[in-house]
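What follows is a set of notes on a single structure, which appears directly below.
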2 protein chains.
Amino acid sequence: MTSPAVSSRDLPHPTREEIRLEGVLHALSDPMRMRIVRELAAVGDELSCSHFDLPVTKSTTTHHFRVLRESGVLQQVYRGTAKMNGLRKDDLDGLFPGLLDCLLDAAGRQAARLDGA
Amino acid sequence: MTSPAVSSRDLPHPTREEIRLEGVLHALSDPMRMRIVRELAAVGDELSCSHFDLPVTKSTTTHHFRVLRESGVLQQVYRGTAKMNGLRKDDLDGLFPGLLDCLLDAAGRQAARLDGA
DNA sequence: CCCGTACTACGATGCCTATCGTACGAGTCG
DNA sequence: CGACTCGTACGATAGGCATCGTAGTACGGG
């Protein structure tokens with residue numbers, strides 16, 4: 001029960017230079033995907049796909065994670081059977097300083113507002 | 001040649017409370033629409049639809065302006081035959097402080113980067 | 001009143017996408 | 001090995017959307 005090795009299954013990621021703002025905004029314009037990113041940011045660590053309990057099937061969950069990865073918002077890596085997901089905060093901050101925090105803050109404000117707080 | 005009156009033709013706008021982050025992000029995830037918003041922010045004033053010289057037909061331009069209005073990014077009003085467009089900066093800043101400036105900055109950085117500056 | 005300008009409405013088209021279900025592959029543990 | 005878990009692949013479906021062209025409406029000026 002040592003820490004599980006990173007699998008050789010490779011997942012295509014855009015390089016930092018390939019990340020496009022419109023792609024990031026499109027990825028985050030879906031509530032399900034914004035929810036994933038918010039949870040990831042709140043934890044501040046990598047999370048497995050199965051950690052998320054989304055109101056959609058697993059196929060659809062896989063789809064959303066792929067969109068987030070291909071737009072450059074997440075990095076994904078297999079560890080054993082789990083696929084770990086992490087925010088690409090450094091890359092996003094490097095390209096668009098402050099944007100991620102701003103978006104997360106905006107999402108938090110809207111969530112608080114709509115929850116009748 | 002007095003200043004042209006505001007027409008009675010009414011255009012439906014969301015109230016501030018009805019504006020949704022996902023709608024705003026979706027609206028700005030289209031390069032044509034981001035271009036419109038950037039130009040509007042740079043001028044800092046209202047502009048008529050015809051001021052913009054976009055590489056699409058006028059039908060498509062109308063469509064993009066409607067998406068921006070219905071998502072709450074723009075306010076539109078007829079003045080004579082012209083339809084004037086203004087950023088709803090106060091409403092957006094009230095809901096999501098700093099977000100608009102952050103997005104504009106991000107778009108500016110990407111434009112500078114891709115223009116080989 | 002007629003014309004030109006500014007913008008819209010509508011229909012068509014082709015693509016993208018969110019969702020599902022089922023069948024499958026990769027890895028772990030007994 | 002065999003069973004179980006995690007996640008993928010593929011096909012289907014339904015809806016959304018960016019784009020166009022054409023025809024039409026609203027407004028202002030001669």
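In what follows, every heavy atom counts, from backbone to side chain, and hydrogens, waters and symmetry copies are set aside. So you know, we letter chains A, B, ... as the sequences are listed, proteins then strands, and number each from 1.
Within the nucleic acid shown, A:His51 has no heavy atom closer than 4.0 Å to any nucleic acid atom. Among the heavy atoms of the strands lying under 4.0 Å from A:Ser50 are primed sugar atoms or P, OP1, OP2 only; no base atom is included.
As a whole-Å value, the separation of A:Arg66 CZ from D:dA9 C1' is 8 Å. Between the NE2 atom of A:His63 and the P atom of D:dG7 there is a distance of 17 Å, rounded to whole Å. Between the CE atom of B:Met84 and the C1' atom of C:dC7 there is a distance of 14 Å, given to the nearest Å. Rounding to whole angstrom units, CG of residue B:Leu11 and C1' of C:dC7 are separated by 10 Å. Rounded to a whole Å, the CG atom of B:Leu74 is 14 Å from the P atom of C:dC7. Rounded to whole Å, the distance from NZ on A:Lys58 to C1' on D:dC6 is 5 Å. Per the geometry, CZ belonging to B:Arg69 stands 13 Å off P belonging to C:dC7, to the nearest Å. Atom CG in B:Asp53 sits about 13 Å away from atom P in C:dC7, given to the nearest Å.
The phosphate of D:dT5 has neither OP1 nor OP2 within less than 4.0 Å of any side-chain N or O from A:Thr81. Between B:Thr60 and D:dA18 there is no side-chain N or O to OP1 or OP2 distance below 4.0 Å. Distances shown here put a side-chain N or O of A:Arg33 below 4.0 Å from the OP1 or OP2 atom of C:dA18.
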Under the side-chain hydrogen bond (donor to acceptor under 3.5 Å, both in side chains) criterion, do A:Gln76 and A:Arg69 qualify, and how do the steps go?
CA-CA 7 Å; A:Gln76 297 188 298; A:Arg69 169 169 46 83; 2.6 Å; yes
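Contact check on B:Arg79 versus B:Glu46 returns a salt bridge, with a Lys/Arg side-chain nitrogen under 4.0 Å from an Asp/Glu carboxylate oxygen. Salt bridge annotation for A:Lys89-A:Asp101: present, with a cationic side-chain nitrogen under 4.0 angstrom from a carboxylate oxygen.
Using modelled atom types and a 3.5 Å distance limit, the side chains of B:Thr62 and B:Ser59 yield no donor-acceptor pair.
Residue A:Val73 is tested with A:Ile19, A:Val24, A:Ile36 for a side-chain contact (heavy atoms from CB on, under 4.5 Å); the sole match is A:Val24.
Among the nucleotides C:dA18, C:dC7, D:dT19, the one closest to any side-chain atom of A:Val67 is C:dA18. The A:Ala82 side chain lies nearest to D:dG7 when the options are D:dA18, C:dC7, D:dG7.
With hydrogens and angles ignored, a donor-acceptor pair closer than 3.5 Å exists between the side chain of B:Ser59 and the base of D:dG21.
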